[in-house]
Chemist: 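Submitted below is the structure of interest, expressed as structure tokens.
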Amino acid sequence: MTEIHIHQQIASLRKQKGMTQEQLANALGVSNQAVSKWESAQCFPDIQLLPKLARLFHTSIDNLMGFQPESYKENLISELRNQIETLPEGEDLQFIFHIAAALHVIVFAKIQNAGQNNPPFRDVDELIQHALDGEWGYSCYDIPSFTTKMTSGCIFFSDNRHLNTKSDRLNRIAILLKTFSDIKNLKTAAALYQITFQEEDLYASISSISRQAELCEETAGECLNLHLSPFLNKKVQNGQTLYRFTGPYMELIPSLMMLDTVD
């Protein structure tokens with residue numbers, strides 16, 4: 001078991017929530033001096049205040065007291081897995097995205113609040129909701145051992161240790177990027193993705209793709225049948241050719257959108 005350091009936990013959780021000692025004291029109905037003494041380990045909060053502190057910081061009493069078993073990480077992963085497995089289809093994926101967005105925002109809030117010259121994030125829960133509503137915009141935190149990026153409803157995490165940079169793979173990436181560097185190909189691909197991504201068996205016609213891409217049907221057809229063909233599944237229905245990205249390439253557009261950054 002880990003050693004208990006409740007004074008460190010209170011100070012850390014308070015700063016993560018963007019609260020001053022005075023604001024915490026007011027929320028709990030105690031004096032500023034009491035909070036100061038807690039955080040400097042001169043004394044401990046009354047045991048009756050622990051549930052209120054835990055609720056205020058959205059944590060458990062065990063975590064508040066810095067008391068965690070060695071297998072805490074494994075238990076957390078197991079709890080998440082169980083939660084996901086018990087959710088109905090559809091809700092499970094929404095929950096996963098919620099967790100990913102929350103993790104990105106929490107990382108950012110921690111870095112922001114740690115900076116000496118940065119204004120603290122006051123309400124991380126509110127920022128998480130902004131991220132889920134698509135209002136977060138672009139943000140990226142990048143150090144040699146870790147990268148997280150969020151933009152346009154796409155979230156990326158990497159530990160930067162397992163990137164495959166062999167020549168054959170780089171050649172394939174170069175070919176892919178060359179294809180999508182043509183704006184007509186990119187518009188056509190983005191339109192196809194927007195029309196079909198919500199259903200696993202949904203295909204799109206050239207006419208619907210051209211309207212979505214704001215291209216003429218001839219141009220959209222050329223992009224689909226010549227340049228984008230290696231990435232697509234096709235089927236004929238009622239004499240009309242319909243299109244959809246193959247499974248491995250369905251995430252191409254979200255991945256390419258991750259390359260976009262603010263000026």
Chemist: Within a 6.0 Å radius of atom NZ on K234, are there more than 12 heavy atoms belonging to other residues, nucleotides or ligands?
Modeler: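 Yes, the 6.0 Å shell around NZ holds more than 12 heavy atoms from other groups.
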
Chemist: Less than 3.5 Å apart, any donor N or O on the side chain of H58 or D125 sitting next to an acceptor on the other?
Modeler: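 Their side chains do contain a donor-acceptor pair, which is all the 3.5 Å distance test asks for.
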
Chemist: Taking all heavy atoms of I195 and all of A204, pick out the closest pair and write down the distance.
Modeler: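 Distance-wise, the nearest heavy atoms are CG2-CB, 3.8 Å.
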
Chemist: Please report the shortest heavy-atom distance between S145 and N160, naming the atom on each side.
Modeler: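 Minimum heavy-atom contact is C-ND2, 3.9 Å.
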
Chemist: Does N26 reach the main-chain N or O of L24 with its side chain, forming a donor-acceptor pair under 3.5 Å?
Modeler: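 Here the side-chain-to-backbone pair does not exist.
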
Chemist: Is there a chain of hydrophobic side chains (I, L, V, M, F, W, Y, each step under 4.5 Å between heavy atoms) that links L202 to L232?
Modeler: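 Different clusters: L202 never reaches L232 through Ile, Leu, Val, Met, Phe, Trp or Tyr contacts under 4.5 Å.
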
Chemist: On the six-membered ring of F57, is K17 placed so that its NZ or CZ lies under 6.0 angstrom from the centre and within 45° of the ring axis?
Modeler: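 The answer is no; the distance or angle limit is not met.
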
Chemist: Where the side chain of S229 meets the backbone of L226, is there a donor-acceptor pair that is under 3.5 Å apart?
Modeler: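 Flag not set: sc S229 to bb L226 has no pair under 3.5 Å.
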
Chemist: Judged by atom type as modelled, is there a donor-acceptor pair below 3.5 Å linking the side chain of T241 to the main-chain atoms of K235?
Modeler: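 Checking the backbone N and O of K235 against the side chain of T241, no donor-acceptor pair under 3.5 Å is found.
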
Chemist: Do S207 and S210 pair up side chain to side chain, a donor and an acceptor below 3.5 Å, judged on atom types alone?
Modeler: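 Judged by distance alone, the side chains do not pair up.
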
Chemist: Please determine whether a side-chain nitrogen of the Lys or Arg among R14 and E39 lies less than 4.0 Å from a carboxylate oxygen of the Asp or Glu.
Modeler: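 A salt bridge is present here (some side-chain N lies under 4.0 Å from a carboxylate O).
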
Chemist: Donor-acceptor pair, S255 side chain versus E251 backbone, under 3.5 Å?
Modeler: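 Here the side-chain-to-backbone pair exists.
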
Chemist: Cut-off 3.5 Å, side chains only: do N233 and Y249 have a donor facing an acceptor?
Modeler: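 No, Y249 and N233 have no side-chain donor paired with an acceptor closer than 3.5 Å.
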
Chemist: Between E22 and T20, is any side-chain donor less than 3.5 angstrom from a side-chain acceptor?
Modeler: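 No.
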
Chemist: Would the F180 and F231 ring centres measure less than 6.0 Å apart?
Modeler: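 Centroid separation for F180 and F231: below 6.0 Å.
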
Chemist: Taking it one step at a time, do E222 and K184 satisfy salt bridge (charged side-chain N to carboxylate O under 4.0 Å, His left out)?
Modeler: CA-CA 10 Å; E222 179 180 330; K184 296 188 294 296; over 6 Å; no

Chemist: S12 side chain to Q8 main-chain N or O, any donor-acceptor pair under 3.5 Å?
Modeler: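 The answer is no, because no donor-acceptor pair under 3.5 Å joins these two groups.
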
Chemist: If every non-hydrogen atom of I253 is compared with every non-hydrogen atom of A190, which pair is closest and at what distance?
Modeler: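 Shortest heavy-atom separation between I253 and A190 comes out as CD1-N, 3.8 Å.
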
Chemist: Would you check if the distance from the ring center of Y193 to the ring center of F197 is below 6.0 Å?
Modeler: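 Centroid separation for Y193 and F197: below 6.0 Å.
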
Chemist: Would you say the side-chain atoms of N185 and T179 include a donor-acceptor pair closer than 3.5 Å?
Modeler: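 Result is no, nothing qualifies.
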
Chemist: How close do L50 and I61 get, heavy atom to heavy atom, and via which atoms?
Modeler: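 Taking L50 first and I61 second, the nearest heavy atoms are O-CG1, 4.2 Å.
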
Chemist: What are the two closest non-hydrogen atoms of A101 and L132, and how far apart are they?
Modeler: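 Minimum heavy-atom contact is CB-CD2, 3.8 Å.
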
Chemist: For L192, does its backbone N or O pair with a side-chain atom of T196 as donor and acceptor, under 3.5 Å?
Modeler: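 At least one qualifying donor-acceptor pair exists.
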
